[in-house]
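Notes for the one structure printed next.
First listed ligand is number 1; within each ligand, the first listed atom is number 1.
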Amino acid sequence: MIGKLNHVAIVVPDLTAATALYRDTLGAAVSQPVDLAPHGVTVVFVELPNTKIELLHPFGEKSPIAGFLEKNPSGGIHHICYEVDDILAARDRMKAQGARVLGDGEPKIGAHDKPVLFLHPKDFCGTLVELEQA
Ligand SMILES: C[C@H](C(=O)O)C(=O)SCCNC(=O)CCNC(=O)[C@H](O)C(C)(C)COP(=O)(O)OP(=O)(O)OC[C@H]1O[C@@H](n2cnc3c(N)ncnc32)[C@H](O)[C@@H]1OP(=O)(O)O
Ligand SMILES: [Co+2]
């Protein structure tokens, strides 16, 4: 049911330094930082030929990634995002399979202006999974 890998997200302690690393050292195309208040993150997109990398830093008081950065002060891989054709059908399938859909279970509009949902890392091999409607 899942399709393409949409992105891999990396939480970083210093977004400016991480952006410079991807742009100058690795030679990738990077975006300007974007504050996504409803998600509690600031994002820089790294565009690769076959996928994207999301560099994430906490935004605001109640960021869902604050605890992760505390536990991983140098940063680390935070989630992977798979595309699905129908986010509500995917959500219902996940629930029926016993996987925990995070939050109130209603899709939010994600970084690419498309509906997204998150699945509990403990239900997916210790990896936080994001589903994005393609
Ligand atoms: C907008 C944009 C987009 O692309 O569209 C985004 O991606 S926004 C991306 C930011 N948004 C989100 O991440 C939303 C969904 N995330 C969440 O609701 C939360 O981050 C969460 C429930 C996964 C974890 O919250 P938390 O860190 O406060 O919770 P806890 O500290 O209690 O964590 C519970 C257990 O899960 C582990 N854990 C926490 N976060 C992760 C992670 N990213 N990957 C793997 N394991 C993780 C903890 O170590 C702990 O394990 P142990 O008990 O063994 O120590
Ligand atoms: Co994401």
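Here is the list of ligand 1 atoms found below 4.0 Å of a heavy atom in G110: 5 (O). Below 4.0 Å from some heavy atom of I65 lie the following atoms of ligand 1, by number and element: 10 (C). Interface atoms of ligand 1 facing H7, defined by a heavy-atom separation under 4.0 Å, are 4 (O). Taking every heavy atom of A111 and a limit of under 4.0 angstrom, the matching atoms of ligand 1 come to 1 (C), 3 (C), 5 (O). Set against the non-hydrogen atoms of L36, the atoms of ligand 1 under 4.0 Å away are 1 (C).
Not a single heavy atom of A9 sits less than 4.0 Å from an atom of ligand 1.
Distance check for E132 against the Co ion (ligand 2): none of its N/O/S atoms falls below 2.8 Å. Among the backbone and side-chain atoms of C81, no N/O/S atom is found under 2.8 Å from the Co ion (ligand 2).
Inside a 4.0 Å radius of atom 28 (O) of ligand 1 there is not any protein heavy atom. Distance screen at 4.0 Å: atom 20 (O) of ligand 1 has a protein heavy-atom neighbour inside the cut-off. Within the 4.0 angstrom cut-off, atom 3 (C) of ligand 1 has one or more protein heavy-atom neighbours.
Side-chain contact between L119 and L102 is absent, with no heavy atoms from C-beta onward closer than 4.5 Å.
Across E54, K71, K122, heavy-atom proximity to atom 33 (O) of ligand 1 is greatest for K71.
Under a hydrophobic-cluster definition in which Ile, Leu, Val, Met, Phe, Trp and Tyr are linked whenever side-chain heavy atoms come within less than 4.5 Å, directly or via other members, I2 and M94 are assigned to the same cluster.
Angle NE2(H7) to the Co ion (ligand 2) to NE2(H79): 100° [nearest 10 degrees].
Judged purely by distance below 3.5 Å, without hydrogens or angles, the side chains of E130 and H7 pair a donor atom with an acceptor atom.
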